Amino acid sequence: MKTVKILHLYSQAMDLYGDYNNITVLCQRIKETGNDVEVTAPGLYEPIELDGYDMVYIGHGKARNLAAISEHFVSHADIIKEAIENGQVWYASGNSRELFGESFTSPDGKEHEGIGLFDYRGVETNQVFVCDMIGRPDYDKDEIVYGFANRTAYLEGKNKYPLFDVITGFSDGSAPNGLEGTHYKNFFGTWGIGPVLVRNPSFMKHILKLLLGDDYKECDFTLEQNALDLVIAEFKDKKD
Amino acid sequence: MKYAFVALVCKMLTLAGKILGGGTDLPGKIALKMYPQIMKKLSFKGKVIAVTGSNGKTTTSNLIAHIMRESGYKVVNNELGSNMKSGITSALVSAASLSGKVKADYVVLEVDECYSRFIFEDIKVDYYLVLNLLRDQVARNGNPDVVFEKIAEAISKQPDMTLILNANEPISMNLTIPDRTLYFAMERTSRSTDECVSGTHDCKICPRCFHEMKYDFYHYNHLGQFHCSNCDYGTPKADFLGTQIDFDNKKLLINGEAVTIPFDTTFNMFNSIAACAVCSTVGITMEQFRSGIAGFKGAKGRRESFSFEGRTVNLMLTKQNAASLDQSISFVLEQEGDKTILLFVNNVIYLDYKDVSWLYDVAFQRLNGKVKNVVCSGNRALDTAIRLKAAGIPEDVLIYENDITKVKDALRRTEGDIYILAASAFGDEGKIIEELKK
C-alpha cells in the first residue's frame, strides 16, 4: 500500500470552474485501489516546497490572480524545473500553463515572466473563448478524450510536446492547428477546464498508474466510459 | 423625421408582438438595424435607473418599478427581462413620443451585465444598481472578473451617475467611485454561516491587493462581511442596512424601519434591501416603499408546483448558475418530508457544448443522506450522475435517464415530494413537465 502525496498550489487564487474536483475524484480513485492519499494546500505566498510530493496540481484562475501569483511562482523556477525534469507528476489546467512558458500578458497589458520550461508565450485577450474538443492523447492514440476550454488567453509559439492530437475543437493557440496541451515527461497541461480527469477514464487511469506503479489496481469506470461514449457519439452525429 | 418613422415601426411591431405574443427583442432589433443611433435621440423627463448583477436583476428591477407605480408615479421598464440592447430599445422607443420624449417619472431598466456598456453609450443613466457578481452561465460570461471589466467600462461612460453597490459582495463593491457610491448590506441572519457552504467561492483573495480575504460570516457563496488580511478593503458602513432578518415571518428592519416583504429567501432579502436603497435615494418615502412591496407578486415562472400521482412536484428553474442551484438545494433541504430531486441538465446553450464544469461548482454533497433519490435527466444525465458520485452521493440513490419519455417511470421508483431542479431553463425541461402532467 502506498500513500500518495499531492500538493495543490494556489488553491485560493487559481480556483475556477470546479477544476479541483479532478483532485477530489483522483483521491477517491486512489482509495478505491486500496491505497491512501494526502493533499496539502499551502497558504498563499508561502515558500513552495516540492520534496516528498508525488504530484503537484495548479488549476485555472482569474487572469488578474494569475498575474498576482506569478512572481512568487517564478521565484521558485529552479526547483520547479528540476522536479519536472526528474519526473514528478504535474497537472496544470487552463491559464496556469502560462506560468511554465517564457512570459505572458495580463488584462492590463503588462508582461509577466514565466519559468521558461516551455518556449510558448501566453497572450491575454480579455475576451471569453469557449469551445469543446475531442482528441487522441499521446499516451494512447486509441483513446479519445473530451475537453472544454473556457479561457480569455491563448498560447503563442510552436507546440513541441503536445498532449492531444485534436480531432475537432480547440488548440493551444488563437487558431486551431490540430495540437493541444503539453505532455513533457510527467507534466500534463491542457486548456481543458473542469472535470477533465473525472470524465476521461483513460487519462485518470494513466495518472493513477504513474502515481501508484505496482500498487495500481483496476477501478470500475463503466459509468464514466458510457458517459464519454455518449459525448463522442454526439460529435459523430453532428458530422454525419 | 427619421426617428419618428423608425419609432412608429417599432411601436407597431411592439403592439403586434403584444397581440400575437411575439418576443420583446424583435421590434428593437429591427429599429436598431434601421437606425443604429435611435437611442441617442431619446430624452427623459424623469430619472433613469439601471439594474444589473449576476443574480436578482429581474426580480429587483420589477420590484422597484412596481413600488414606484404603486406610489403614483409613471414608470417605464423592460418588465419581461429583455435586458440586452434590442430589448431595451423596444421598451424605451415604444414608450416614447414620436419626438423621442420618454415622459415617465422613472425609467427602470434591467440591463445584462455584459451589455450595460453598449446601452450607457446612448442614454444618460442617473443611478446604477449592481446587485452582485458571481460565476454565472460561465460558458457565456467567463468568470466574474471578465464581467467586472465590462461593468467598469459601462460606468466610465457615465461621469455623473450614482452607483448603488452591495457592501457584502467584494467583487462588485470594487467598482466603488468615492463620493458617488451608496452601499446596501445585510447583517448576519439565522441562515448565515461562519464558513462558506456553497460550492463556489469567487473571492478568496482580495481583488485590490491579492492577499487573503477574511470573512466574519457568509450569507451565501462569497457574499458576507469581509475584510482583507493585508489592505484596508472591507465591508464599509452601509447607507441602507437590513437588520433583524426574520425569514419565517418575512420581516426585516431597513435602517431601523420595519418592513414586511413577500419573500422568504436570502436572495430576495438582499433584493428587497437593494430596492429600498434605490427607492429611498430617488425620493420614495419609507411608507410608500412598505405599502408597495407588500403587494408585489414576484417574478413570473421561476418557481411553480403541480401534482404527479399524488406527489407534489416543485419546479425550480435556474440557468447554468451554480449559486442559484446551491440556493435551490438550500431551499429543498429546508422542506419537511421525504424528497426526491430530479436534476435536469442539458448541453450548454447555443453551440451545444457538452460542458458540465459548472456543476462542479455546486455543493451537492449537502444532499448526502437528506434525499431519497436523485434522478438525473437531460442529455448530460450520465455526466450529472458522475458529478453527484464525485460529491459522495451513493450510487444506489442515483438514477440516470437521458430519455425524457422514461423519466416518469424513473420517478415512480422514487419516494417523497419531487423537486425538479431544471438547470437548462431553455425549454427542454418543459417536455418533462408535459410528460408528468399527462
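Chain identifiers are assigned alphabetically (A, B, ...) following the order of the sequence lines, protein sequences preceding nucleic acid strands; residue numbering begins at 1 within each chain. Scope of the values below: all heavy atoms of this structure, side chains included, with no hydrogens, waters or symmetry mates. Please read all numbers here as calculations on a predicted model, not as lab measurements.
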Is chain B contacted by the side chain of D15(A), its backbone, both, or neither, given a heavy-atom distance below 4.5 Å? both
Side chain, backbone, both or neither: which part of Q12(A) has an atom under 4.5 Å from a heavy atom of chain B? both
Salt-bridge contact K205(A)-E143(A) (side-chain N to carboxylate O under 4.0 Å): no
At a 4.5 Å cut-off on heavy atoms, which part of L223(A) comes close to chain B: side chain, backbone, both, or neither? both
Winner by heavy-atom pair count (cut-off under 4.5 Å) against chain B, out of L228(A), I193(A), D132(A): D132(A)
Flag the one option from H211(B), R387(B), E149(B), R380(B) with the top tally of heavy-atom pairs under 4.5 Å to chain A. R380(B)
Quickly, which of T3(A), I30(A), V4(A) forms a side-chain contact (heavy atoms from CB on, under 4.5 Å) with D54(A)? Name it, please. V4(A)
Top contributor to chain A contacts, counting heavy-atom pairs under 4.5 Å, from V362(B), N402(B), L382(B): L382(B)
Please name the residue in the list T200(B), N141(B), D361(B) that meets the side chain to side chain donor-acceptor pair (under 3.5 Å) test with R135(B). D361(B)
Check whether V146(B) gets within reach of chain A through its side chain, its backbone, both or neither, counting any heavy atom under 4.5 Å. side chain
For F100(A) and F73(A), what are the C-alpha separation, side-chain angles and deciding distance, and is it a ring-ring contact (aromatic ring centres under 6.0 Å, His included)? CA-CA 10 Å; F100(A) 299 86; F73(A) 185 78; 5.3 Å; yes
So which residue, K389(B), K150(B), E395(B), ends up with the most heavy-atom pairs under 4.5 Å with chain A? K389(B)
So which part of V25(A) gets closer than 4.5 Å to some heavy atom of chain B, the side chain, the backbone, both or neither? side chain
Heavy-atom contact with chain B under 4.5 Å, split by part of F129(A): neither
Short question: side chain of D202(B), backbone of H222(B) - any donor-acceptor pair under 3.5 Å? no
For the residue pair H201(B) and Y215(B), is the inter-centroid distance of their aromatic rings smaller than 6.0 Å? yes
Among R121(A), R151(A), R97(A), whose salt bridge (charged side-chain N to carboxylate O under 4.0 Å, His left out) with D172(A) holds? R97(A)
Segment of R199(A) engaging chain B (4.5 angstrom heavy-atom cut-off): side chain
Check whether Y233(B) reaches the backbone of N174(B) with its side chain - one donor and one acceptor, N or O, closer than 3.5 Å. yes
